Amino acid sequence: MYQENIIDMLMRKMIHFNQNDPQRIHHLIKVHSFAQMIGRMEQLDGHSQFLTECAALVHDIGIRPAEEKYGMSSGRLQEQEGPFYARKMLGELGFEEADINRICYLVGHHHTYADIRKKKKRQFPEIQNVNQTVAFFMYF
């Protein structure tokens, strides 16, 4: 129950972070829903499921800062800017440092599929596939 409350609080913070952009809010909710479903279908352990859902919620946190700083938000810039803002938000919610590091790693690599594929199959939950799936369906 505690982890569900943390996920709800993180979702509220991300909605507030993107308060003037309903499309980004819609995207983060969809990515979270897919991550939740895929994690359950893959039978992730409780902690991996929690980290997967949290990473799904904050995966695009670097878009707005990249746009403000560089006038664009390429995948590389999202990965560059995102971990700082994710770390701050997760810290405010009292996440453990090891969990913050893992989530920030995923945020900082969610467009860098080659690096993730080199790792063990179950090392990284399905957030990359979830993000690609949601992006595909957004245009249909």
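Note that the coordinates shown come from a computational prediction; the quantities given were computed from them, not determined experimentally.
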Using the side-chain contact (heavy atoms from CB on, under 4.5 Å) rule, take Phe95 and Cys54 through it: C-alpha gap first, then chi angles, then the decisive distance, then the call.
CA-CA 10 Å; Phe95 277 67; Cys54 292; 3.7 Å; yes
Test log, rule side-chain contact (heavy atoms from CB on, under 4.5 Å), inputs Leu44 and Ile38
CA-CA 9 Å; Leu44 296 178; Ile38 291 170; over 6 Å; no
Given side-chain contact (heavy atoms from CB on, under 4.5 Å), test Gln49 with Gln3 step by step and report yes or no.
CA-CA 10 Å; Gln49 179 75 28; Gln3 289 182 340; over 6 Å; no
Between Glu79 and Val107, is the side-chain contact (heavy atoms from CB on, under 4.5 Å) condition met? List the steps.
CA-CA 6 Å; Glu79 290 177 341; Val107 170; over 6 Å; no
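Between Glu97 and Arg87 there is a salt bridge, since at least one side-chain N of the basic residue sits less than 4.0 Å from a carboxylate O of the acidic one. Residues Glu67 and Arg24 are paired through a salt bridge, judged by an N-O separation under 4.0 Å between the basic side chain and the carboxylate.
Counting only distance, with no hydrogens or angles, the side chain of Asp45 and the backbone of Ser48 share a donor-acceptor pair below 3.5 Å.
The shortest non-hydrogen separation linking Val58 to Ala86 is CG2-CB, 4.2 Å. The two residues Pro83 and Gln78 have their closest heavy-atom pair at CD-O, 4.3 Å. Minimum interatomic distance between Gly82 and Ile61 (heavy atoms only, all atoms of both residues): O-CG2, 3.3 Å. Across every non-hydrogen atom of Thr52 and Ala35, the tightest pair is CG2-CB, 4.0 Å.
Under the 3.5 Å distance criterion, with hydrogens and angles disregarded, no donor-acceptor pair is assigned to the side chains of His32 and His59. For His47 and Asp99, the side-chain atoms include at least one donor-acceptor pair closer than 3.5 Å.
Between atom NE2 of residue His26 and atom CG of residue Asn18 there is a gap of 13.5 Å, rounded to the nearest 0.5 Å. In this structure, Leu106 CG and Leu51 CG are separated by 8.0 Å, a value rounded to the nearest 0.5 Å. Once rounded to the nearest 0.5 Å, the distance linking CG of Leu57 with CE of Met89 reads 10.0 Å. Expressed to the nearest 0.5 Å, how far CG of Leu28 lies from CE of Met11 amounts to 6.5 Å. Remark: Ile6 CD1 to Leu93 CG distance equals 6.0 Å, nearest 0.5 Å.
Hydrophobic clustering, with ILVMFWY side chains joined whenever heavy atoms are under 4.5 angstrom apart, keeps Ile25 apart from Ile63.
Glu92 places a side-chain heavy atom less than 4.5 Å from the side chain of Lys88. His16 is not listed as a side-chain neighbour of Lys13, based on a closest heavy-atom distance of 4.5 Å or more.
Enclosure of atom CD in Glu96 is not indicated, since only 12 or fewer non-hydrogen atoms of other residues, nucleotides or ligands lie within 6.0 angstrom.
Between Tyr85 and Phe17, the two ring planes are tilted [angle within 30° to 60°].
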